[in-house]
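Working notes, beginning with the structure itself.
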Amino acid sequence: LASVVGVLLIAGAVGILIAQADFSEKQTADSVVRAMKSIMPPPQRAFPEPHYGKDMPSTEVGGESFVGLLEIEQYDTLLPVATNWADKDLKRFPMVYSGNIYNRDLIIGAGNNEGQFDFADEIEIGASIHFVDLYGHEFCYEVSMVNHLEDIASIDSGDDDLTIFAKSKTTSKYVIIRCGLSQKASE
């Protein structure tokens, strides 16, 4: 009985540490969002015009470089998007995997932890996603397809204007969220 109680206490302590880590990561993302919003102009709807070869502007906050904010209102999610891809850092912030918002081929990788893309398995076609660059240009997208891949090595943007991926919470696959520009972008 004592060993069972000991195991349960250890399991509970590990659960608390994981929950604290998720809270700390969310808290960090929130502080980055606040810092970015303080230097960005108010968002205005925009439609990306091709700027082939032009990099997305970035700003440094807390030693990290960021290119914009990603918002999914349906899930009450507003997250900074970091510039430098590092699989090990996905739990902290979504990151640019490849592409460019202006060339309409941006691919963003995200974590599936609470406060980030923990809803990836549930997102539905038609959901609205917004990306705001550092100039305050708000690009509006609509989820057009959700599929799954074993690994991300073969991921590409294809004909999609924005692609987001996160590890599924229910399988060992990646949830691939493919988006097209929304008609609302031209309003």
*Donor-acceptor pair, side chain of N103 and main chain of D105, under 3.5 angstrom*: no
*For K37, which residues count as a salt bridge (charged side-chain N to carboxylate O under 4.0 Å, His left out) partner, sequence neighbours excluded?*
none
*For the side chain of T77 and the backbone of Y75, is there at least one donor-acceptor N/O pair under 3.5 Å apart?*
yes
_Run the side chain to side chain contact (heavy atoms under 4.5 Å, CB included) test against T171 and tell me which residues pass, sequence neighbours left out._
S168, K173
*Atom pair CD1 (I125) and SG (C179), whose distance is rounded to the nearest 0.5 Å*: 10.5 Å
*By ring-ring contact (aromatic ring centres under 6.0 Å, His included) - contacts of Y97 (at least two apart)*: W85, F165
*For the pair I176 and V146, evaluate side chain to side chain contact (heavy atoms under 4.5 Å, CB included) and give the outcome as yes or no after the intermediate values.*
CA-CA 6 Å; I176 312 300; V146 178; over 6 Å; no
With a 3.5 Å cut-off and sequence neighbours excluded, list the donor-acceptor pairs that the side chains of residues 59-67 form with protein atoms.
unit_1, atom_1, unit_2, atom_2, d
E64, OE2, R92, NH1, 2.9
E64, OE2, R92, NH2, 3.3
S65, OG, S58, OG, 3.4
S65, OG, T83, OG1, 3.3

_ring-ring contact (aromatic ring centres under 6.0 Å, His included) partners of F117, counting only residues at least two apart_ = F119
*Sequence neighbours left out, what passes side-chain hydrogen bond (donor to acceptor under 3.5 Å, both in side chains) with H137? Give chain and number order.*
D133
_Spacing of CD belonging to E138 relative to NE2 belonging to H130, to within rounding of 0.5 Å_ = 5.5 Å
*Taking atom CG of D121 and atom OG1 of T170, what is their separation to the nearest 0.5 Å?*
4.0 Å
*asked:* Please check: side-chain N/O of N112 versus main-chain N/O of D118, any donor-acceptor pairing under 3.5 Å?
replied: no
*Would you give the length of the straight line joining atom OG of S98 to atom CD1 of I155, rounded to the nearest 0.5 angstrom?*
7.5 Å
*From CG (D160) to CG (L162), nearest 0.5 Å*: 8.5 Å
*Roughly how far, to the nearest 0.5 Å, is the CZ atom of F139 from the CZ atom of R104?*
10.5 Å
